[in-house]
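Keep in mind the model is a prediction, meaning the values are calculated, not measured. Residue numbering restarts at 1 for every chain, and letters A, B, ... go by the order of the sequence lines.
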Number of protein chains: 2
Amino acid sequence: MNPDISKERENATFNVEKLTYILDGGIEKTKRRREIQSLVISDPDFQSEDLNFLTRSERYEAAVRKSAQMIVKLRKYGISDPEEIYCYKSCVHRGRSEPLDLHLGMFLPTLLNQASPEQVDTFFIPAWNLEIIGTYAQTEMGHGTHLRGLETTATYDPATQEFVLNSPTVSSIKWWPGGLGKTSNHAIVLAQLYTQGKCHGLHAFIVPLRSMNTHMPLPGVVVGDIGPKFGFDEVDNGYLKLENVRIPRNNMLMKYAKVDADGTYTKPPRDKLTYGTMVFIRSMIVGEAGLALSKACTIAIRYSAVRRQSEIRPGSGEPQILDYQTQQYKLFPLLATAYAYNFVGQYMNQVYHRITGDMSQGDFSELPELHALSAGLKAFTTWTASSGIEVCRMACGGHGYSSCSALPDIYVTFVPTCTYEGENTVMMLQTARFLIKSYRQASAGHRLSGIVSYLNESEFRLQPQTVSSRATLVNGNNLQSLVEAYKLRAAWLVEQAAKSIQQELQRSVSQEDAWNNSSIDLVRASDAHCHYVVVKLFAAKVGEIEDPAVHSVLSTLALLYALQGITQHSGDFLQAGLLSAPQLSQASQTLKQLLVQLRPDAVALVDAFDFRDEMLNSVLGRYDGNVYEHMFEWARRSPLNKTEVRSMALVMLIQLGSEIIGH
Amino acid sequence: MNPDISKERENATFNVEKLTYILDGGIEKTKRRREIQSLVISDPDFQSEDLNFLTRSERYEAAVRKSAQMIVKLRKYGISDPEEIYCYKSCVHRGRSEPLDLHLGMFLPTLLNQASPEQVDTFFIPAWNLEIIGTYAQTEMGHGTHLRGLETTATYDPATQEFVLNSPTVSSIKWWPGGLGKTSNHAIVLAQLYTQGKCHGLHAFIVPLRSMNTHMPLPGVVVGDIGPKFGFDEVDNGYLKLENVRIPRNNMLMKYAKVDADGTYTKPPRDKLTYGTMVFIRSMIVGEAGLALSKACTIAIRYSAVRRQSEIRPGSGEPQILDYQTQQYKLFPLLATAYAYNFVGQYMNQVYHRITGDMSQGDFSELPELHALSAGLKAFTTWTASSGIEVCRMACGGHGYSSCSALPDIYVTFVPTCTYEGENTVMMLQTARFLIKSYRQASAGHRLSGIVSYLNESEFRLQPQTVSSRATLVNGNNLQSLVEAYKLRAAWLVEQAAKSIQQELQRSVSQEDAWNNSSIDLVRASDAHCHYVVVKLFAAKVGEIEDPAVHSVLSTLALLYALQGITQHSGDFLQAGLLSAPQLSQASQTLKQLLVQLRPDAVALVDAFDFRDEMLNSVLGRYDGNVYEHMFEWARRSPLNKTEVRSMALVMLIQLGSEIIGH
């Protein structure tokens, strides 16, 4: 054990184990998580060479192999609780996506939800048994966000009782679905349904892609891998071009909508279930943001405790870089953010389960709010976490660029969450739509409930003259007063956005143009709303903590999180009159003191995330702090070091050198 | 040609070619650049498969091969002007680093500057002829920023007249030098010189690493590649562990310092030349920031002109995504930033050449200011450009993640500039040191000249009571008034940082601790100083433009750049009393209008950067806008598509499936 990092642990003011239980949601959950992780990590079937040393093809192969083993073992061990499956899977693939993700996460569930009972027999059982490997082909090359714009067609031919599927344009080629390129032999394809000369919009069709025997593409199916990407090396994201591909009528998923043998179309009853899935996935991503940022913070903070560099006081040796104020200022607010997002993730998970319970009772009343919240929070947390990972990486200096730090990998694995499952700006605007609608309802005298109830309170309709009188509200040492300030900021920015739309309408532009011309303000309002929610939930969580030492350190973190946000967005708070200039200066001072206060607990706070070295896979983030020896050992295994002989190109170079001499 | 992008070009309000000349620094330079680019691009020796499809080893090989060809051809064509060499090299390697960078950029120049005449004969000529291939080994595993902390030792042995080189610890292993891993057979090694029992600090030694015949490492030399990284796939960044490696006395670079045969040491005369090199490289990086961001903007803006998605007005079809206000708000301020940095890069280049002229006349007076400016601007521009590239990438939606967009590559190639040649936070603090020193001089009554002269003006020593009276200074439509506002903000923040140090000292901490405890404020002050310089230089450049149409569009860009910075840092401007809340609202309004104003010129403004398709290598950024067809064509060449047969892993997966059925 590196003595610097041992000393850090001795100096911690709280019991790390207790905080770990809080993060896991209870001691039992911690135990079970550790059991599952040990199961995977000690399993020889899940060992492999460091992925960083493999080519993309090799990484793909390794991932498929592990996924196959994983499925067998999950069934063998009888692990069937979704949370436990998720834990097992994350451990097998170290948090990376893998080629069977869409088979397990979309193909099977969609069959369960949307297939008729006969279709379940035909398709689900073989898919469960991995004879059918499927994916979910929705996004097209030219169409992502705007589903109605999808161009793929499925035209019913009553003569043969078949659907004829086509990709009528280049932009209609299915693009991006995971596992589509090489792995899957079937796909659920979203296509515009045409029957009896009429288009009935998007429906889902099960399309066989490859021979079950030879795995060769079937006639009319042009399928392949879309090529290398930023990360996701393990996944064969694919393309699919359909050229008059005929499938039986029964391959349309018919639990809700139906096409009869003669081509008569029956509309589905309204269902909000898919809406629920989207909400679920986005809520999950919020937790993922907390997890990814926690990993990055663990690596950067542990490394900053063992890295010594430069001098603060001449002659007193090189200090740990964690002693530099600028380093603390980079890392501690991100650590606080990681905690915040972990707790928000827990909350979203609980709310989701509560609301699905309500929904199964036919009560959909809370769904719109949850939908708006999950959209905005997904965008808010993924943006911050992504840029935060990069800050952590760069806080490790040069070594943060090495793959052995794991930080490049954490970034490229996480950053796509900003784009998939709803592009972030689009998400922010969805939340804004809910906020503006709520604001208008409140203005019209309706009483709002839930998280937007702050838009009710007429006192928060700020008038310019009340601004100056308000500037005493904030006490930088009082978390509750900061929550209030965030609430008022959100209310103010929602109002500003609503006013912007109003002004645009007065210039007699259309509703739609007024919306577009106000979208900068709308995104800003959503951002402030989400920020308020996060601060509020963090404060609420701190309030629940009973252990005094843990309560104390989490309070400091929550205060830091809130104050950091205020100094970063000080213009909003000043402009809205929620803070005076001297108060802002005071907030900056308090923030500096909080950094000092957190310094002795920094390593313990990342230890509490409880990442095993095997999960982090980071030389810089090792628990024992023995960074340099292991970095050397790692580098020596680099593929470029396999031979010492001169490469052909180098031989050529030397020959060219001689040529020059000859001239 | 895609009709959408054609229409964009028809609607431009200015002559693109004229703006290109301005960016290049004159029509002659544009012509010559284009000639050189054509020379390289049409040369069959520089063709290769898309690098995205190659493994790291293959990319390394391809880069060495091209570099070798490049050196021969540069000499054959007689291209010897440094700017032209740089242009040629950038074109050969498409702006990427390559294994011979340090041979050409550090090994040869260091020999020229620091070798004695005999050493030039012994080493420079063979190195020029590529018999010797060298690198520059300074950074160690445990030591980057703090050069005095380097641990490698060179101990003189008068008995044999040799230096004995050692890496006494793991942390002293040389780490990161480019070309060290596989390519070089020599290195200039920085080591602590010991002779006659005394340490004389860092000196440079020429150390043979590998046999000139077999390329095998020499006895005592442990050398290799440090493994995969975030980008820089072509470069064999290496490690070097020295175990009692003996080199002749004459292998110490002896132009300045000397060790006689008996071990007597002679100190070098003070020289500021290496200081000058650092300034030069950092100034170059500022221009690189402009270039990298220009590339990213070109890709994102062209793609946004051809990508159609969602709806603004129902029934009116999918608009170009460039018509969304949020998209404009992401991209146009970055476009303005790219222009700003291009112009600042030009300025730094001019100043550098002027000052080196002065220095060769023995006048070093301007060097400290340039040193401070280049350090801060390097940090300021690389941080913004890096995060800006990611914004551009994500503004392209899913396709921004594909390697075919080139955006992932632009990011990983550029982002290391935040860390190398001076870690950015360290750079900011160096600039702050100069600012605080200047501030104290001004406070003590000395008259400052140059760019910090704003710290002279006693009126800018803001007192709380004068703040409110000041709040009428800014006119959001007047660029000069915005330059003033930035100047006052910088002055205010330098003063705040100085006061913070003062307050710390009053708490009777040491100077060094006071500095560390104020470093958040110091970085903020440097940042504001750099921001002021950029706005000022951009405004000055606009003032030089004669063509009315070009002048008009650049004025709009400069105004957008300045206003965007104000809204992003509105807290500073409000807190310093440089702006009132209503003025800030007005600034946001004006900013929106500027987006509308720039919309018709956006594509033309990126066309003016004049990147050939071969240089961008981006399917999304193609000049003709024919994105989708070429994305499909590109993907089909992906290595994973070379076979259609089922992978071994997949076979195993299916077998496991059957096993499960068996159970």
Exercise. Within a strict 4.5 Å, meaning less than it, do heavy atoms of the A:K642 and B:S57 side chains meet?
Worked result: no

Exercise. How about B:Y411 and A:F230: do any of their side-chain heavy atoms sit closer than 4.5 Å?
Worked result: yes

Problem set entry | Segment of A:R313 engaging chain B (4.5 angstrom heavy-atom cut-off) | both

Problem set entry | Parallel, tilted or perpendicular: rings of B:W176 and A:H399 (30°, 60°) | parallel

Exercise. Under 3.5 Å, side chain of B:E423 to main-chain N/O of A:G397, donor-acceptor pair present?
Worked result: no

Exercise. Is a side-chain N or O of A:Q309 found less than 3.5 angstrom from the main chain of B:G142, in a donor-acceptor match?
Worked result: yes

Problem set entry | Largest heavy-atom contact set with chain A, pairs under 4.5 Å, which of B:D409, B:T326, B:V426 | B:T326

Problem set entry | Exam field: side chain B:E512 to backbone A:P314, donor-acceptor pair closer than 3.5 Å | no

Exercise. Quick one: what part of B:L522 sits under 4.5 Å from any heavy atom of chain A, side chain, backbone, both or neither?
Worked result: neither

For this session: Indicate yes or no for a side-chain donor-acceptor contact from A:D225 to the backbone of B:N641 under 3.5 Å, with no hydrogens or angles considered.
Result: no

Exercise. What part of B:T55 is in contact with chain A, defined as an atom under 4.5 angstrom from a non-hydrogen atom: side chain, backbone, both or neither?
Worked result: side chain

For this session: Evaluate the ring planes of B:F632 and A:W175, with Trp represented by its six-membered ring, and classify them as parallel (under 30°), tilted (30 to 60°) or perpendicular (over 60°).
Result: perpendicular

Exercise. Can you tell me how far the OG1 atom of A:T169 sits from the CD atom of B:E629, to the nearest 0.5 Å?
Worked result: 10.0 Å

Exercise. Looking only at atom types and distance, does a side-chain atom of A:N516 sit under 3.5 Å from a main-chain N or O of B:D323, one as donor and one as acceptor?
Worked result: yes

For this session: Select one option (side chain, backbone, both, neither) describing which atoms of B:Y239 are under 4.5 Å from chain A's heavy atoms.
Result: side chain

Problem set entry | A:Y329 (side chain) donor-acceptor with B:S519 (main chain) under 3.5 angstrom | no

Exercise. Side chain, backbone, both or neither: which part of A:T567 has a non-hydrogen atom closer than 4.5 Å to chain B?
Worked result: neither

Problem set entry | Side chain proximity check, B:V222 to A:R636, heavy atoms < 4.5 angstrom | yes

Exercise. Any idea which of B:L429, B:I173, B:N517 has the most non-hydrogen atom pairs under 4.5 angstrom with chain A?
Worked result: B:N517

Problem set entry | Under 4.5 Å from a heavy atom of chain A, the part of B:V415 involved | both

For this session: With a 4.5 Å cut-off on heavy-atom pairs, point out which of B:R148, B:R393, B:Q496 contacts chain A the most.
Result: B:R393

For this session: Mark yes or no for whether A:Q575, through its side chain, and B:G571, through its backbone, hold a donor-acceptor pair below 3.5 Å.
Result: no

Problem set entry | Qualifying residues under ring-ring contact (aromatic ring centres under 6.0 Å, His included), relative to B:W383, sequence neighbours excluded | none

For this session: Drop me the distance from B:I226's CD1 to A:C404's SG, to the nearest 0.5 angstrom.
Result: 8.0 Å

Exercise. What part of B:E390 gets closer than 4.5 Å to chain A, counting heavy atoms only: side chain, backbone, both or neither?
Worked result: side chain

Problem set entry | Partners meeting ring-ring contact (aromatic ring centres under 6.0 Å, His included) with A:H569 (sequence neighbours left out) | A:H531

For this session: Pick one of side chain, backbone, both or neither for B:K76, based on which atoms fall under 4.5 Å of a heavy atom in chain A.
Result: neither

